[in-house]
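In this text the structure is predicted, and so the values were computed from the model without any measurement. Start at 1 with the first residue, then count along the sequence.
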Amino acid sequence: MEKQLAADLIEFLYKSPTAYHSVKTIKEILSSRGFKEIKEEEKWNLQKEGKYYVTKNDSALIAFTVGKGEVEEAGFKLIGAHTDSPGFRIKAKPEMLSENKYIKLNTEVYGGPLLYTWFDRPLGIAGKVALKGKSPLKPKVELININRPVVIIPSVAIHMNRNVNEGFGVNKQKDTLPLLGLINEKFEKDNYLIKILAEELKMEADEIIGFDLGLYEIEKGSIMGINEEFISAGRLDDLWMVYAGMKALIDSDINASTNVLVCVDNEEIGSHTAQGADSALLLNILERITIALGKDKEGLYRALANSIMISADLAHAVHPNAEEKHDPTNRPVLGEGPVLKTAASGSYSTDSYNAAIFEGLCKAAGVPYQSFFNRSDVRGGSTIGPMTSSRLTIPVMDMGAPLLSMHSIRELASVKDNYYTIKLFKTFYNS
Ligand SMILES: [Zn+2]
């Protein structure tokens, strides 16, 4: 059961090399489980106990099941996570030549990846392309996934970089440009990548106007460890919590409250986009749900007053080779269950009120739980929790499953924590 869930998660990650593809994957799964797509531009006609989802800009998705109760009394129960992961994006006009022989691509860094982990790995290219549409204001969009080893970022040999093991500085404009191929007689530098995309999409190159493309490791994740206790895979942050929330929403019963799964993009670059958490997106959707259920604006505010959210993003487990980096008394480890994250700085939205709810839910679910604080001399990260809490003015607990190697091209998690987290989320939606 636990291993099956881990294999299922690895499959989900493999099908989701970008935020766009994760939304596509979630849509396919939700549709196969009776969820109906509703569009932002259409009038909504929602039924009690109905199951729906709506997407934004191809990279955010909000799914919900309408509760049996009156929404202003029963409120919303939300789980939120993000669809994006740190990595590289390909710039326009990316072709660059070296020694008149090598073709490399001009890239920029998205978010905060552990750069050294991206070297010497066969990489694929995926994302979305914008195509000529019927009018300039309506370009068409198509997803693309070149799921083959097409580029690689080669290391400089240690013989030419003798001090590399004492510290590894990486210049993002110079050292990390991926190699695409070698020049041959057919090579035409202009629009070289666009032509590859056109071939892949089986269309003319001049139909492609622009693209949002990233690199990703093509090797699939794996279950590993002496007792197969680990999950090694890319993009666990934060598609793991997206997956766990989706699984819980699908498998939970419909009760009084309206249960919502919030999958937003661009957390790794600050969330300040139309499809990110620091936007009007979620509040607009909750308002529209309330209105479509026949309520007024006061109904929305009453519903919010009765709502609660889990902000689900991963937590740093104590590192076996860097025990000193962690807080002296709050020391989560892999395999010991979901982690509640708290920070006096407000970079996490947990307080004692929603901490009590977290603890109560873990006990009800029968799963162990842990706590995380930053070391007081370490700044740490943040999540969509604080901004969502302040925009909706509802209690949001910040939690996540424990993880090692956060923001590496391959992160490390535990098979058991996947099972525990899904169980916790299901208990939350069922409460
Ligand atoms: Zn994250």
Nearest 0.5 angstrom please: Thr83 OG1 to Leu61 CG, how far? 9.0 Å
Using a 6.0 Å cut-off, check whether atom NZ of Lys128 has over 12 heavy atoms from anything other than its own residue. yes
Within a radius of less than 6.0 Å around CD of Glu40, do more than 12 heavy atoms belonging to other residues, nucleotides or ligands occur? yes
Hey, are the side chains of Ile289 and Ile285 touching, using non-hydrogen atoms and a 4.5 Å cut-off? yes
Would you say Lys101 has more than 12 foreign heavy atoms packed within less than 6.0 Å of its NZ? yes
Heavy atoms only: give me the nearest Lys77-Ser257 pair and the separation to one decimal. NZ-OG, 2.7 Å
Under 3.5 Å, is there a donor-acceptor pair between the Glu2 and Asn418 side chains? no
Can you find a side-chain donor-acceptor pair between Ser59 and Asp265 that sits under 3.5 Å? yes
Report, as yes or no, whether the 6.0 Å neighbourhood of atom CD on Gln4 holds more than 12 heavy atoms from other residues, nucleotides or ligands. no
Return the set of residues passing ring pair (Phe, Tyr, Trp, His ring centres under 6.0 Å) with Phe168 (not counting sequence neighbours), or none when no residue passes. Phe119
When you check the side-chain N and O atoms of His319 and Asn321, is any donor under 3.5 Å from an acceptor? no
Surrounding NZ of Lys195 (heavy atoms of other residues, nucleotides or ligands, distance under 6.0 Å), is the total greater than 12? yes
Exercise answer: donor-acceptor pairs, residues 85-94 side-chain atoms, under 3.5 Å, sequence neighbours excluded:
unit_1, atom_1, unit_2, atom_2, d
Ser85, OG, Asp237, O, 3.1
Lys91, NZ, Gln173, OE1, 3.0

Within 6.0 angstrom of Glu99 CD, more than 12 heavy atoms from elsewhere: no
Describe, in one word, how the ring planes of Phe358 and Tyr369 are oriented to each other, choosing from parallel (under 30°), tilted (30 to 60°) and perpendicular (over 60°). perpendicular
N-O pairing of Arg121 and Glu219 below 4.0 Å: no
Taking atom OH of Tyr110 as the centre, does the number of heavy atoms from other residues, nucleotides or ligands within less than 6.0 Å exceed 12? yes
Pair Thr25, Ser16: side-chain N/O donor-acceptor within cut-off below 3.5 Å: yes
For the residue pair Asp251 and Tyr429, confirm or rule out a side-chain donor-acceptor distance under 3.5 Å. no
Listed partners of Phe35 passing ring pair (Phe, Tyr, Trp, His ring centres under 6.0 Å), at least two apart: none
Between atom CD1 of Ile384 and atom OG of Ser389, what is the distance when rounded to the nearest 0.5 Å? 11.0 Å
